[in-house]
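So you know, we letter chains A, B, ... as the sequences are listed, proteins then strands, and number each from 1.
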2 protein chains.
Amino acid sequence: MSARAIPEATVQRLPVYLRILVDMAGRSTTTISSEALAASAGVNSAKVRKDLSFLGSYGTRGVGYDVDCLIHQISRALGLTHDWSTAIVGLGNLGQALAHYGGFAQRGFRIAALLDVDRDLVGQRMAGLEVLHVDEIERVVKEEEIAIGILAVPERSAQEVADRMVAAGIGSILNFAPTLLSVPDHVSLRKVDLSIELQVLSFYEQRRQAEATLGERGQHGERGEQPEPT
Amino acid sequence: MSARAIPEATVQRLPVYLRILVDMAGRSTTTISSEALAASAGVNSAKVRKDLSFLGSYGTRGVGYDVDCLIHQISRALGLTHDWSTAIVGLGNLGQALAHYGGFAQRGFRIAALLDVDRDLVGQRMAGLEVLHVDEIERVVKEEEIAIGILAVPERSAQEVADRMVAAGIGSILNFAPTLLSVPDHVSLRKVDLSIELQVLSFYEQRRQAEATLGERGQHGERGEQPEPT
DNA sequence: TCCTGTGAATTCGTTCACAGCC
DNA sequence: GGCTGTGAACGAATTCACAGGA
């Protein structure tokens with residue numbers, strides 16, 4: 001059966017499968033089984049088959065999935081068949097690191113604008129772009145058709161900048177500031193919070209040290225599923 | 001009923017509650033209800049109560065929770081009552097940004113070492129530390145009792161460095177490289193993958209544009225739960 | 001024979017709803 | 001009266017297990 005409503009959990013795994021498949025294609029592999037893909041992705045093969053079945057029936061029984069076909073189907077499902085423009089707001093250490101990170105462009109996310117409040121930064125060139133003042137955000141979002149705003153500003157200004165992004169018409173925000181943002185229902189929001197990651201690791205680290213006696217599970221976190229140490 | 005086995009999903013939310021509570025304490029708030037905490041955390045109050053109940057019964061019926069008490073209990077549960085030492089391996093754009101990010105130390109995660117393979121970087125000072133060659137990792141992990149390794153190396157060397165961290169005795173790894181790592185069961189692993197975040201946003205962005213007609217849900221992702229735009 | 005696709009069973013997480021205590 | 005703590009109901013995600021096509 002084809003599509004309609006891909007579950008949240010599946011959406012999060014599709015990019016992982018995609019990366020593996022692109023890698024496979026680069027090695028001239030033409031076909032892959034759910035078992036092999038599952039091993040690379042660190043999940044169980046039934047999950048892979050169920051996930052892929054939400055895209056439609058693109059496998060061949062007794063054989064597996066055609067790598068190129070799957071790449072195409074996943075890309076289509078994720079909306080990666082065309083590029084998206086992004087803007088980075090906040091060019092501190094993290095914002096600059098993001099601006100220079102090549103992995104975005106490579107995966108179809110064009111960094112179309114860099115913005116900051118700091119008058120010393122505005123006007124400078126960075127990663128091939130001129131840094132704009134954050135007050136230009138409304139204009140830039142419209143002119144460059146920015147779909148995704150990347151927020152790398154300090155905690156205290158995060159909400160204000162987010163509000164301006166939303167007002168300017170941005171539909172998706174990736175927030176690196178360690179704060180909870182409020183956005184209207186029609187805006188998608190994801191956050192990356194380094195201290196939360198460390199604190200979660202701390203929990204398991206502590207538990208391991210506290211026990212230091214029983215054999216316990218060691219793979220933790222919805223983001224941390226991993227394959228066998230094979 | 002007291003503790004034993006805090007669910008994964010709860011562990012991920014405790015740091016969020018903790019941040020809000022610390023903020024509250026800074027504003028001299030002494031007591032908070034599950035309803036208020038839930039509103040700040042962007043979740044529902046039953047979830048807050050259930051989450052907190054895994055730590056024990058520290059609330060007062062008719063009143064709420066004592067802020068300082070909760071801070072203490074959550075910190076204890078997360079293993080934050082003592083500091084943890086971390087090491088950052090890979091000092092490209094991202095590694096440098098992490099090295100200079102103040103939020104770690106502030107939350108009890110001491111950056112005890114910076115390592116890289118690049119001979120030009122080794123020996124330089126950065127964020128108050130001398131950059132060491134990655135070959136020193138075994139010695140440093142032992143001498144500095146590094147608990148958490150932060151991996152900001154390129155994809156191709158991530159597995160190798162992870163293996164060396166594990167061999168050196170590190171129990172937790174936070175991986176920023178866009179690759180799936182294999183580690184033994186007794187090692188905790190979490191990853192932060194920027195392109196996955198963007199691709200998930202792309203999915204919802206595309207769906208929104210494709211529909212552009214029905215009123216649909218806008219808040220997505222296990223990391224992206226958010227409160228009302230109140 | 002091999003591997004997909006998927007109902008059914010199970011596990012995990014969330015939400016409801018209320019008894020019990022302040 | 002207000003708010004916690006928690007069984008019970010519900011829903012989502014995972015895994016099992018196998019029917020059915022290549």
Roughly how many Å is it from [atom1] in [X] to [atom2] in [N], rounded to a whole number?
{"X": "Q12(A)", "N": "dA12(D)", "atom1": "CD", "atom2": "C1'", "value": "13 Å"}
{"X": "Q73(A)", "N": "dT4(C)", "atom1": "CD", "atom2": "P", "value": "16 Å"}
{"X": "L70(B)", "N": "dT4(D)", "atom1": "CG", "atom2": "C1'", "value": "12 Å"}
{"X": "E8(B)", "N": "dG13(C)", "atom1": "CD", "atom2": "P", "value": "8 Å"}
{"X": "R61(A)", "N": "dT6(C)", "atom1": "CZ", "atom2": "P", "value": "7 Å"}
{"X": "D66(B)", "N": "dT4(D)", "atom1": "CG", "atom2": "P", "value": "13 Å"}
{"X": "F54(A)", "N": "dT4(C)", "atom1": "CZ", "atom2": "P", "value": "16 Å"}
{"X": "Y65(A)", "N": "dG21(D)", "atom1": "OH", "atom2": "P", "value": "16 Å"}

Using only side-chain N and O atoms of S33(B), determine if any of them is under 4.0 Å from OP1 or OP2 of dC3(D).
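Answer no for this pair, as no side-chain N or O of S33(B) is under 4.0 Å from OP1 or OP2.
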
We want to know whether S85(A) and E144(A) form a side-chain donor-acceptor pair, criterion being a heavy-atom distance below 3.5 angstrom.
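Looking only at side-chain atoms, E144(A) and S85(A) do not form any donor-acceptor pair under 3.5 Å.
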
Under the salt bridge (Lys or Arg N to Asp or Glu O under 4.0 Å) rule, collect the residues that match up with R156(B), sequence neighbours excluded.
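R156(B) satisfies salt bridge (Lys or Arg N to Asp or Glu O under 4.0 Å) with no residue once adjacent residues are dropped.
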
What residues from residues 14-31 of chain B pass a heavy-atom cutoff of under 4.0 Å to DNA chain C?
none

Looking only at dC3(C), dT14(D), dT4(D), the nucleotide nearest the K47(A) side chain is dT14(D)

Sub-3.5 Å pairs of nitrogen or oxygen atoms, protein against nucleotides 16-18 of chain C:
| unit_1 | atom_1 | unit_2 | atom_2 | d |
| --- | --- | --- | --- | --- |
| dA17(C) | N6 | R49(B) | NH2 | 3.3 |

